[in-house]
S.K.: 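Take this structure, written in structure tokens, and hold onto it; I'll ask about it next.
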Amino acid sequence: MKVLAIDTSNQPLSVALLEDEQLLTTTTTNINKNHSVTLMPLIEGLFKQTKWKPQDIDRIVVAQGPGSYTGLRIGITTAKTFACTLNKELVGVSSLEVLAETLANVEDYLIVPLFDARRNNVFAGGYQSKNGKLVQIIADQHIELERLCELLRGHAKVIFVGKDCTSFKKQLLEKLDSKKISFAAQNFAYPQAYVLGLIGEKNAAVEINSFVPHYLRLTQAETQWLKNHRETDHEPYVEKI
Amino acid sequence: MNKQRELILAFESSCDETSVAVIEDGHKILSNVVATQINSHKRFGGVVPEVASRHHIEQVTLCLEDALNEAGVDYADLSAVAVTYGPGLVGALLVGVSAAKVVAFAHNLPLIPVNHMAGHIYAARFVKPLVFPALALLVSGGHTELVYLSAPNSYEIIGETRDDAAGEAYDKIGRVLGINYPAGKEIDQMAHLGKDVFNFPRAMINENNFDFSFSGLKSAFINTVHHADQVGEKLDHKNLAASFQQSVVDVLAQKMVNALKKYPVKQLILAGGVAANSGLRERIEHELKTFDDVSLLMAPLKLCGDNAAMIGAAGYVAWKAGVQADMSLNADPSLEFSWIG
Ligand SMILES: [Zn+2]
């Protein structure tokens, strides 16, 4: 199976071409540049290196969120349009799982990948390795750091992963039992599209048109609206005219 | 007669409509699929950018599939891909731009970046060919400007709004009158039943430039209504609407007349969402009677709002002029034509 894997969910951007679990080529950047400018030229480059044609791909795997809304929009629109226009398979993978997967052979730890979601909130989930395979223990969510710590207190050993951990390290060491927690090394801190592609090769393909990012957060306007309305109180939001 | 037809696939997602179209030879619509989010933004009394961006992602490939199916064409039949890259809401624009880039890359087609405002002007191309030099009066929810077209694919601003767009002013005073967003159509209808008794200000009408300002009018309107509320007076909404619309139309028409005097043209193009306003259409037709050599070209009513057909028409002209983007094309939310030299 030939796979194109795309992760634009946060500032690091990673793309890869894989074939049957083998990596052919990948590029990961962490330059603070607009993904809209960078993504397609990088993908174009991967195809040139491998001499593959876009039609050769069997499946597109994309990091589905959580993460930066703009980043997700670019990656997911790109991925679903690829799948739609070439009639190929599409698979979405949690952006947090991609980080956790690099620690998949660390047994006995609750693996907690996290992204900074500002104002002391994070996007985080909890994963555990069972026989080298990850099992989700805590659902991916948008959560206050304080609340996350409460969820984690019952666990004997917790390892945090992701480059944003650095900014929360001090707080986490204060709020949790410092003997129970540890932090993955920096070389695991960035999402790798190769890892994303490996996870995505195993998952079932999804319906393309209805595929959307996992923002894990309503917009402020919608949250406000729902205070006075029921979700069912409306005409179809989008109509063909 | 064995001319190969040239098909452009066009994307538009600059605000609250997701649209994909297939256009033949720059002036024939094979399909023009438009998914509007108005019902969603009605909840908030105006377009919420993040909500708009999210809806675009839900719609974009659906619209793409429908556009090709309705046109009865396949990717192999296409000559190029055109896309709105600005101006507009950045998150919304990015969806169309990302999708268009992938289609162009996947099928090895040229990618043509299109200015949304050029699209509005070229909506009129579906009525008949543009004649140059031409002047376009572009009035929409986001923009109010006068554009000079010396030749195909040449656009120069000679004047624009310094604050609110005309359509924006309609929505804001609509809120005061308790009219649901978008308010333009209903205010237009009410205006026809009322009289201009309030004589609201006509900002900048006598100034020696081609710029507009509508925020003063909006404030005057709101103050009038609030003052009446405070003293318990009930104002006639039809007269309020008529007075407001008369002020807008007077300013637009006067500035257009001034522009036609300074920049003689063969054609006046009326375009943009507010160009569907019947009061404005009637007045422009009337004013043009004194300009013998200027023909009037109005965008078809159903193409006055945002749609991808107009992007395909403008994209065709740009493509013929050699305009092409590479895979690094980005959305440019504040994209503008250059000012006339
Ligand atoms: Zn528009």
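These numbers were taken from a predicted model, which means no experiment stands behind them.
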S.K.: Can A:Arg217 be said to sit on top of A:Phe123's aromatic six-ring, NZ or CZ under 6.0 Å from centre and within 45° of the ring axis?
M.R.: no
S.K.: Among A:Thr85, A:Thr81, A:Thr77, which has the most heavy-atom pairs under 4.5 Å with chain B?
M.R.: A:Thr85
S.K.: Using the side chain to side chain contact (heavy atoms under 4.5 Å, CB included) definition, which of the options A:Leu114, A:Leu151, A:Leu216 pairs with A:Ile143?
M.R.: A:Leu151
S.K.: Where on B:Lys42 is there a heavy atom nearer than 4.5 Å to chain A: the side chain, the backbone, both, or neither?
M.R.: side chain
S.K.: Check this for me: does any side-chain nitrogen of one of B:Lys172 and B:Glu168 sit under 4.0 Å from a carboxylate oxygen of the other?
M.R.: yes
S.K.: Does any backbone or side-chain atom of A:Gln224 lie under 4.5 Å from a heavy atom of chain B? Answer side chain, backbone, both or neither.
M.R.: neither
S.K.: Given heavy-atom pairs under 4.5 angstrom as the criterion, report whether the side chain, backbone, both or neither of B:Val95 touches chain A.
M.R.: both
S.K.: With a 4.5 angstrom heavy-atom cut-off, which part of A:Thr78 approaches chain B: side chain, backbone, both or neither?
M.R.: both
S.K.: Would B:Asp16 and B:His56 satisfy side chain to side chain donor-acceptor pair (under 3.5 Å), going step by step from the backbone distance to the final call?
M.R.: CA-CA 8 Å; B:Asp16 59 347; B:His56 283 301; over 6 Å; no
S.K.: Hey, which of B:Met327, B:Arg43, B:Glu58 has the most heavy atom pairs under 4.5 Å with chain A?
M.R.: B:Arg43
S.K.: Between B:Leu329 and chain A, with a heavy-atom cut-off of 4.5 Å, which part of the residue counts as in contact: side chain, backbone, both or neither?
M.R.: backbone
S.K.: I need the residue from B:Gly305, B:Gly96, B:Ala35 with the largest number of non-hydrogen atom pairs under 4.5 Å to chain A.
M.R.: B:Ala35
S.K.: Where on A:Ile76 is there a heavy atom nearer than 4.5 Å to chain B: the side chain, the backbone, both, or neither?
M.R.: side chain
S.K.: Below 4.5 Å from any heavy atom of chain A, which atoms of B:Val51 appear? Answer side chain, backbone, both or neither.
M.R.: both
S.K.: Does the side chain of B:Asn330 pick up a donor-acceptor pair with the side chain of A:Ser36 at under 3.5 Å?
M.R.: yes
S.K.: Is A:Leu39 in contact with chain B via its backbone, its side chain, both, or neither, using a 4.5 Å heavy-atom distance?
M.R.: neither
S.K.: When you check the side-chain N and O atoms of A:Ser95 and A:Glu97, is any donor under 3.5 Å from an acceptor?
M.R.: no
S.K.: Would you check, one step at a time, whether the test salt bridge (Lys or Arg N to Asp or Glu O under 4.0 Å) holds for B:Glu50 with A:Arg73?
M.R.: CA-CA 11 Å; B:Glu50 179 60 28; A:Arg73 258 193 281 286; 2.7 Å; yes
S.K.: Under a 4.5 Å heavy-atom cut-off, does chain A meet the side chain of B:Val34, its backbone, both or neither?
M.R.: both
S.K.: Non-hydrogen contacts under 4.5 angstrom with chain A: give the residues of residues 97-112 of chain B involved, or none if there are none.
M.R.: B:Ser98, B:Ala99, B:Lys101, B:Val102, B:Val103, B:Phe105, B:Ala106, B:His107
S.K.: Counting only heavy atoms not in A:Lys51, do more than 12 fall under 6.0 Å of its NZ?
M.R.: no
S.K.: Measure the CD1-CE distance between B:Ile23 and B:Met310 for me, rounded to the nearest 0.5 Å.
M.R.: 11.5 Å
S.K.: What is the minimum heavy-atom distance between A:Ser9 and A:Ala63, and which atoms define it?
M.R.: OG-CB, 4.1 Å
S.K.: On the six-membered ring of B:Tyr181, is B:Arg175 placed so that its NZ or CZ lies under 6.0 angstrom from the centre and within 45° of the ring axis?
M.R.: no
S.K.: Taking B:Ala183's backbone N and O only, do any of them form a donor-acceptor pair with B:Asp171's side chain (distance below 3.5 Å, no angle check)?
M.R.: yes
S.K.: Cut-off 3.5 Å, side chains only: do A:Glu207 and A:Ser210 have a donor facing an acceptor?
M.R.: yes
S.K.: Using non-hydrogen atoms and a 4.5 Å limit, figure out which bit of B:Asp66 sits close to chain A: side chain, backbone, both or neither.
M.R.: side chain
S.K.: Against chain A, label B:Ile38 side chain, backbone, both or neither, depending on which of its atoms sit under 4.5 Å from a heavy atom there.
M.R.: backbone
S.K.: Among B:Ala331, B:Ser40, B:Ser19, which residue has the highest count of heavy-atom pairs closer than 4.5 Å to chain A?
M.R.: B:Ser40
S.K.: For the atom pair OG (B:Ser328) and CG (A:Leu42), what is the distance rounded to the nearest 0.5 Å?
M.R.: 11.0 Å
S.K.: Need one label for A:Phe47: side chain, backbone, both or neither, based on atoms under 4.5 Å from any heavy atom in chain B.
M.R.: side chain
